[in-house]
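For the single chain, residues carry numbers from 1 onward in sequence order. FYI, side chains are in, hydrogens and waters are out, and symmetry mates aren't considered; it's all heavy atoms of this structure. Note that ligands are numbered from 1 as they come in the structure, with each ligand's atoms numbered from 1 the same way.
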Amino acid sequence: MNDIHPVFEKMIGQHEKETFLNQKAKVIWFTGLSGSGKSTIALSLEKRLHEKDFFTQVLDGDNVRTGINNNLGFSEEDRTENIRRIAEISKLFVNCGIITLNSFVSPTNAIRKLAKEIIGKDNFIEIFVDTPIEICEQRDVKGLYKKAREGKIKDFTGITSPFEAPKNPDLTIKTENRTIENCVEEVFNFIVLKIKSKV
Ligand code: ADP
């Protein structure tokens, strides 16, 4: 391959940075309906990882849609651009050796495929937070389902916009009738060997 920009050959690479941080960088990509538990699990997992001396970064709607992506809405075109930018940012974090926890609805197979292609399949772990829509709607953490039912939000995933369940996620987490701690434990156990540097 001779299409690598010369600047990348001069930079200190991912491997050296992983060695420096004593870990393996991955993007842990949480997908699922609004209210399914993505952010709750990602944030709690980050604490757990931090306690174990892993170096992490969480990306979610709060720090991305209000910042770098604040010019994007929820049309299909904007959702794709939203994910494209998030994936490019995640790739930079991974190149820096950082374990990146991404919490985004990312509702379609095409969108998740795009993210995986940008980040690279070896760096990408897809976790489907599989909570039935009825439960998400009961939780209605941000009052968005109510608004969507009232027709006040257009293109709301699960109501007026589709959610395609991933076909082959690396892990599926069910949250119904389970504690947050229990779900976090399951994700932690699943990823820990993948992010530990080899000794
Ligand atoms: P999302 O990021 O997917 O939109 P949130 O994490 O913001 O969802 O909201 C999930 C809600 O569900 C929170 O209020 C959380 O306390 C609740 N919840 C109940 N049980 C669980 C569980 N087992 N895992 C994650 N969240 C849970």
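Glu150 and Lys152 are joined by a salt bridge, as a carboxylate oxygen and a charged side-chain nitrogen come within less than 4.0 angstrom of each other.
On a distance-only criterion, Gly37 and ligand 1 share at least one N/O pair closer than 3.5 Å. Checking only distances, Ile41 never comes within under 3.5 Å of ligand 1, N or O to N or O.
Atom 11 (C) of ligand 1 has as its closest protein heavy atom Val141 CG2, 3.7 Å. Among all protein heavy atoms, the one lying closest to atom 4 (O) of ligand 1 is Gly35 N, 2.7 Å. Distance from atom 16 (O) of ligand 1 to its nearest protein heavy atom, with residue and atom name: Ile180 CD1, 3.6 Å.
With a 4.0 Å heavy-atom cut-off, ligand 1 is reached by the backbone of Ser39 and by its side chain too.
Under a 4.0 Å criterion applied to the non-hydrogen atoms of Thr40, ligand 1 contributes the atoms 5 (P), 6 (O), 9 (O), 10 (C), 13 (C), 15 (C), 26 (N). Within ligand 1, counting atoms from 1 as listed, the ones closer than 4.0 Å to a heavy atom of Ser34 are 4 (O). Atoms of ligand 1 found under 4.0 Å from any heavy atom of Thr175, numbered from 1 in the order shown, are 22 (C), 23 (N), 24 (N). When each atom of ligand 1 is checked for a heavy atom of Thr179 under 4.0 Å away, the hits are 23 (N). Listed by number with element, the atoms of ligand 1 under 4.0 angstrom from any heavy atom of Arg178 are 20 (N), 22 (C), 23 (N).
Heavy atoms of Gly32 stay at 4.0 angstrom or farther from ligand 1. Contact between Leu33 and ligand 1 is present, with at least one heavy atom of the residue lying under 4.0 Å from the ligand.
No side-chain donor-acceptor contact under 3.5 Å links Arg139 and Thr40. A side-chain donor from one of Ser103 and Ser39 sits under 3.5 Å from a side-chain acceptor of the other.
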Show your working on side chain to side chain contact (heavy atoms under 4.5 Å, CB included) between Gln138 and Ile135 and close with a plain yes or no. CA-CA 5 Å; Gln138 270 167 34; Ile135 305 292; 4.2 Å; yes
Between Arg79 and Glu76, is a salt bridge (charged side-chain N to carboxylate O under 4.0 Å, His left out) present by the stated rule, with each step listed? CA-CA 5 Å; Arg79 281 180 194 265; Glu76 205 176 322; over 6 Å; no
Using the rule given for salt bridge (charged side-chain N to carboxylate O under 4.0 Å, His left out), can you reason through Glu51 versus Lys47, listing the C-alpha separation, both sets of side-chain angles and the distance that settles it, and then say yes or no? CA-CA 6 Å; Glu51 283 161 13; Lys47 275 206 182 111; over 6 Å; no
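Nearest to atom 20 (N) of ligand 1 by heavy-atom distance, out of Gln138, Lys38, Arg139, is Arg139.
Side-chain rings of Phe74 and Phe156 stay apart, their centers remaining 6.0 Å or farther from each other.
Both cation-pi conditions hold for Arg112 and Phe163: the charged atom is under 6.0 angstrom from the six-membered ring centre and inside a 45 degree cone around its axis.
Note that CD of Glu137 is 11.0 Å distant from CG of Leu144, once rounded to the nearest 0.5 Å.
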